[in-house]
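Report on one structure; see the data block that follows.
Protein chains get the first letters and strands the later ones, always in sequence-line order, with residue 1 at the start of each. Quick caveat: nothing in here was measured; it's all calculated off a predicted structure.
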Amino acid sequence: MSNILLSEQEQIRRQSLEELRKAGIDPYPAAEYKTNVFARQILDDFNPEKNNFQDVCLAGRIMSRRIMGNASFAELMDSSGRIQIYLRRDDICPGEDKAMYNIIFKHHLDIGDIIGVQGFVFKTQMGETTVHVKEFTILSKCIRPLPIVKEKDGILFDAVTDPEMRYRQRYVDLIVNPHVRDVFRKRTQIIQSMRELFNSRGYLEVETPILQPIPGGAAARPFKTHHNTLDTPLYLRIANELYLKRLIVGGFEGVYEFAKDFRNEGMDRNHNPEFTVMEIYIAYKDYNWMMNFTEEIIKKAALDLHGKTEIVYGEHTINLNPPFKRISMLDAIKENTGIDISGMSEDEMRKVCDRLNVPHSSEMGKGKLIDSIFGEKCEHHYIQPTFIIDYPTETSPLTKIHRSKAGLTERFELMINGKEIANAYSELNDPMDQMERFQDQLRLSEKGDDEAMFIDLDFVRALEYGMPPTSGMGMGIDRLTMLLTNQPSIQDVLFFPQMKPESQKSKAESQKEEFMDLGVPEEWVEPLKKLGYTTIEKLKEVEKAGKLANDLNGFNKKNKLGLNGLSPEAVEKWLK
RNA sequence: CGGCCCGUAGCUCAGCUGGCAGAGCACGUGACUCUUAAUCAUGGGGUCGAGGGUUCGAUUCCCUCCGGGCCGACCA
């Protein structure tokens, strides 16, 4: 009875559903439907001279229909693509009873329904490879109208473009925008490509805690939650770095994890509160080795995806063929600003910041100032893949001190298209140095730096048992996927990007129970609301009960609700 | 958090200085046995995001709120 709040098209589809049931057809059958082919295989391999595909069975969603009296064409979309199907009344209904075609197919099937078809493949006069259907089976009825997207030669007409619909109802986006499915297939291919490489080297894929008592391994604000039984706070991980290094201490030589991390910070085209990072740690290696390995990972992913290392992103063509440019952070600053800041004091650096219009504040040390200059003046210039190496110690508390350059660490970030794709170190394995660095972080935190790292004493304890020299690297899978699939926003490479919750009802609308308290029968509440009486206040403003009763009875008749008529006296009682 | 923009039929979008809410596709009915953005005829479908204000009259002007986008700030 809630049907009256549905759109006309939804009501019609629900009626079709009932008609199917009345005709003895289950619109949601339970049985397995055995198919023997996908649309793509037919389109690729059908050859009229070979006369192949003469007994095919496939299943998919009806995406368009062209009915011409006693014959019809439609398009069926399965996971592999779209193929045209052809139905003739006298094939579907060989006997006297033509209902299966005339009634069921023509009137009770809609765009969006999922059906199975069995028949043979042929080419139409227009040369279109088509399945001539001898029998069809309804597999699932679609009772909500699908946005209609027409297609001609790969061009979409009236495509669904509203970002809100695309992200909130990704299932609709995936149905009507075929290229979207491709992006997500490629995302999985990228991960597979990396996993293959790591497994071929004998590295172990592992899982580490998402709920952590101390959110370590990065500088970021965490999501906080609470465990009832332990009565203790827990945090969603901002990184898995410290746990993976514990495993290296434990004796594994190479470990990696594709990890969901969570950061309670802003959202924009490059940031989502939850995101995926691949982190890998390999014993007895240093960051120089890791640069070579990173080149190999990126190159392989590009080749596995595109068969070449040259990719297009927006207006740029980017070449992912190694070797990538390597430049130290200080040289990068010199390259982009013409200023050599090496050996400068903190005060001198502040003057440089002022000259370059780089914002800075009093609690920033030399490291942060360098970081800031690089971020403002250099980072976005590195379109072609570039390793920025040797970062200041202050901003790299988990990284080994540089073997030869004072004040710096053995760290690199890989920049592509002006954005960080990967971050790696020669891992700090000196437990006493690590403890001091944590204490430095604590001092920063006390000064008000809310992104300073927490101290993880158990991690220091692990290092005290001895961690082999190790190099580790983290790579942003979402950003890498954006890059390799030419997508401008992180929302386009996440199936379900974070959105504000949809508000269900406007607060102004009165609840059903409030109307029923006034004596309105339950089944009349929705007709009342549909007529504009959305609140009990509006109902009480009504002066002529007779007219309202008349309106309601008229609505009842017009929409064929089949409700018992209302008397003016009954309506009069609601208004008191 | 700040600036700009958007929200009208299932979808894509028009709607001028305020005056009866529109188109294409989709949907209903009818015709049509090789169509392909099928075609032809015909019909129905709207809380103009929500609430308030100004006005004789608001989809249109003003305010508040909700949702979304872009840019910036902050943040990896």
TODO: Specify the residue among A74(A) and E8(A) whose closest nucleotide of RNA chain B lies further upstream toward the 5′ end.
DONE: A74(A)
Open item on the list: Using the C1' atom as the point on both nucleotides, what is the distance between C32(B) and A38(B), in whole Å?
Closed with: 11 Å
- [ ] For E413(A), report the nucleic acid contact type (base, sugar-phosphate, nothing); a contact means any heavy atom under 4.0 Å.
- [x] base
Task: Between G24(B) and A14(B) - C1' atom distance, rounded Å - done: 11 Å
- [ ] Please indicate whether K224(A) has more than 12 foreign heavy atoms, meaning atoms of other residues, nucleotides or ligands, lying under 6.0 Å from its NZ.
- [x] no
Open item on the list: Taking the minimum atom-to-atom distance to the side chain of M499(A), which one of U35(B), G68(B), C32(B) wins?
Closed with: G68(B)
Open item on the list: Distance check needed: G49(B) C1' versus R168(A) CZ, whole Å only.
Closed with: 13 Å
TODO: Write down the distance between CD1 (I103(A)) and C1' (U29(B)), rounded to a whole number of angstrom.
DONE: 13 Å
- [ ] Determine which nucleotide pairs with G28(B), using a 3.5 Å limit on both distances of a Watson-Crick or G-U wobble pair.
- [x] U42(B)
TODO: Select one nucleotide: of G67(B), G69(B), U36(B), the one nearest the side-chain heavy atoms of P163(A).
DONE: G69(B)
Open item on the list: Please report the distance, rounded to the nearest Å, between CD in Q9(A) and P in G10(B).
Closed with: 8 Å
- [ ] Identify whether any heavy atom of F122(A) sits under 4.0 Å from a base atom; if not, whether one sits that close to sugar-phosphate; answer base, sugar-phosphate or nothing.
- [x] base
Task: Pairing partner of A21(B) (Watson-Crick or G-U wobble, both distances under 3.5 Å) - done: none
- [ ] Give a yes/no on whether any side-chain N or O of K150(A) is located under 4.0 angstrom from OP1 or OP2 of A26(B).
- [x] yes
- [ ] May I ask which nucleotide in the shown strands pairs with G7(B), Watson-Crick or G-U wobble, both distances under 3.5 Å?
- [x] C66(B)
Task: Identified pairing partner of A37(B), criterion: Watson-Crick or G-U wobble below 3.5 Å - done: none
Task: Separation between the P atoms of A37(B) and G43(B), rounded to whole Å - done: 27 Å
Open item on the list: Tell me the interatomic distance from K152(A), atom NZ, to U12(B), atom C1', rounded to whole angstroms.
Closed with: 20 Å
Open item on the list: For A26(B) and R65(A) - does any side-chain N or O of the residue sit under 4.0 Å from the phosphate oxygens OP1/OP2?
Closed with: no
Task: C61(B) versus U55(B) - spacing of their C1' atoms, nearest Å - done: 10 Å
TODO: Taking only the side-chain heavy atoms of D162(A) (C-beta and beyond), determine which of U12(B), C70(B), C34(B) contains the nearest atom.
DONE: U12(B)
Open item on the list: If you assign each of S64(A) and I111(A) to its closest nucleotide in RNA chain B, which residue comes earlier from the 5' end?
Closed with: I111(A)
TODO: Look at the side-chain N and O atoms of H271(A) and state whether any lies under 4.0 Å from the OP1 or OP2 oxygen of C74(B).
DONE: no
Open item on the list: Taking the minimum atom-to-atom distance to the side chain of K500(A), which one of G67(B), U12(B), G30(B) wins?
Closed with: G67(B)
Task: Which nucleotide in C75(B), A38(B), U12(B) has an atom nearest any side-chain atom of E265(A) - done: C75(B)
Open item on the list: What's the closest nucleotide to the side chain of H107(A) if the choices are C11(B), G30(B), G10(B)?
Closed with: G30(B)
TODO: Pick base, sugar-phosphate or nothing for I67(A), based on heavy-atom distances below 4.0 Å to the nucleic acid.
DONE: base
Open item on the list: Once you apply a heavy-atom cut-off of 4.0 Å, does R263(A) come out as touching a base, just sugar-phosphate, or nothing?
Closed with: sugar-phosphate
Open item on the list: For a quick check of understanding: with a heavy-atom distance under 4.0 Å over all strands, which category does A218(A) fall into, base, sugar-phosphate or nothing?
Closed with: nothing
Open item on the list: Once you measure the plane-to-plane angle for F53(A) and F46(A), does it fall in the parallel (<30°), tilted (30-60°) or perpendicular (>60°) bin?
Closed with: tilted
Open item on the list: Counting the atoms with a prime plus P, OP1 and OP2 as sugar-phosphate, which does T161(A) contact under 4.0 Å by heavy atoms, base, sugar-phosphate, or nothing?
Closed with: sugar-phosphate
TODO: Check every strand shown and say whether R13(A) touches a base, only sugar-phosphate, or nothing at a heavy-atom separation below 4.0 Å.
DONE: nothing
- [ ] Give F275(A) one of three labels, base, sugar-phosphate or nothing, depending on what nucleic acid heavy atoms sit under 4.0 Å from its own.
- [x] nothing
- [ ] Indicate whether the side chain of S16(A) and that of E19(A) have a donor and an acceptor atom separated by less than 3.5 Å.
- [x] no
Task: Closest nucleotide among G10(B), A38(B), G69(B) to the S7(A) side chain - done: G10(B)
Task: Side-chain donor or acceptor of S80(A) paired with backbone N/O of A39(A) under 3.5 Å - done: yes
- [ ] Find out whether the Lys NZ or Arg CZ of R411(A) is both under 6.0 angstrom from the six-membered ring centre of Y391(A) and within 45° of the ring's axis.
- [x] yes
Task: hbond_proxy Q84(A) side chain to U35(B) base (donor-acceptor, 3.5 Å cutoff) - done: yes
Task: From V183(A), I477(A), N270(A), residue fulfilling side chain to side chain contact (heavy atoms under 4.5 Å, CB included) relative to M482(A) - done: N270(A)
Open item on the list: Between H108(A) and D113(A), is there a side-chain donor-acceptor contact under 3.5 Å, judged purely by atom types and distance?
Closed with: no
Task: Nearest-angstrom distance from the residue atom OH of Y167(A) to C1' of G69(B) - done: 9 Å
Task: Aromatic ring pairing F387(A)/F412(A), orientation class (parallel under 30°, perpendicular over 60°, tilted between) - done: perpendicular
Open item on the list: Work out how far the C1' atom of A58(B) is from that of G2(B), and round it to whole angstrom.
Closed with: 31 Å
Open item on the list: Taking only the P atom of each, what is the distance from U60(B) to C16(B) in whole angstrom?
Closed with: 11 Å
- [ ] When you get a sec, tell me which of G44(B), G68(B), C27(B) is the closest nucleotide to the side chain of I12(A)?
- [x] C27(B)
Task: Value in whole Å for how far the C1' atom of C40(B) lies from CZ of R66(A) - done: 17 Å
Open item on the list: Closest approach to the side chain of R89(A), judged atom by atom: which nucleotide of U33(B), G68(B), C75(B) is it?
Closed with: U33(B)
Open item on the list: In whole Å, measure the gap between the C1' atoms of C27(B) and G46(B) for me.
Closed with: 15 Å
TODO: Give a yes/no answer on whether the side chain of Q11(A) brings an N or O atom under 4.0 Å of OP1 or OP2 in G28(B).
DONE: no
Task: C1' spacing across the pair A41(B) / U64(B), given as an integer number of angstrom - done: 50 Å
Open item on the list: Checking base pairs now: Watson-Crick or wobble, both atom distances under 3.5 Å. What partners G57(B)?
Closed with: none
Open item on the list: Please report the distance, rounded to the nearest Å, between NZ in K106(A) and P in C27(B).
Closed with: 14 Å
Task: Nucleotide of G44(B), U33(B), A26(B) approaching N70(A) most closely (side-chain heavy atoms) - done: U33(B)
Task: Cation over ring face, R187(A) and F495(A), 6.0 Å, 45° - done: no
Task: Atom-to-atom span, CD of E151(A) to C1' of U36(B) - whole angstrom - done: 11 Å
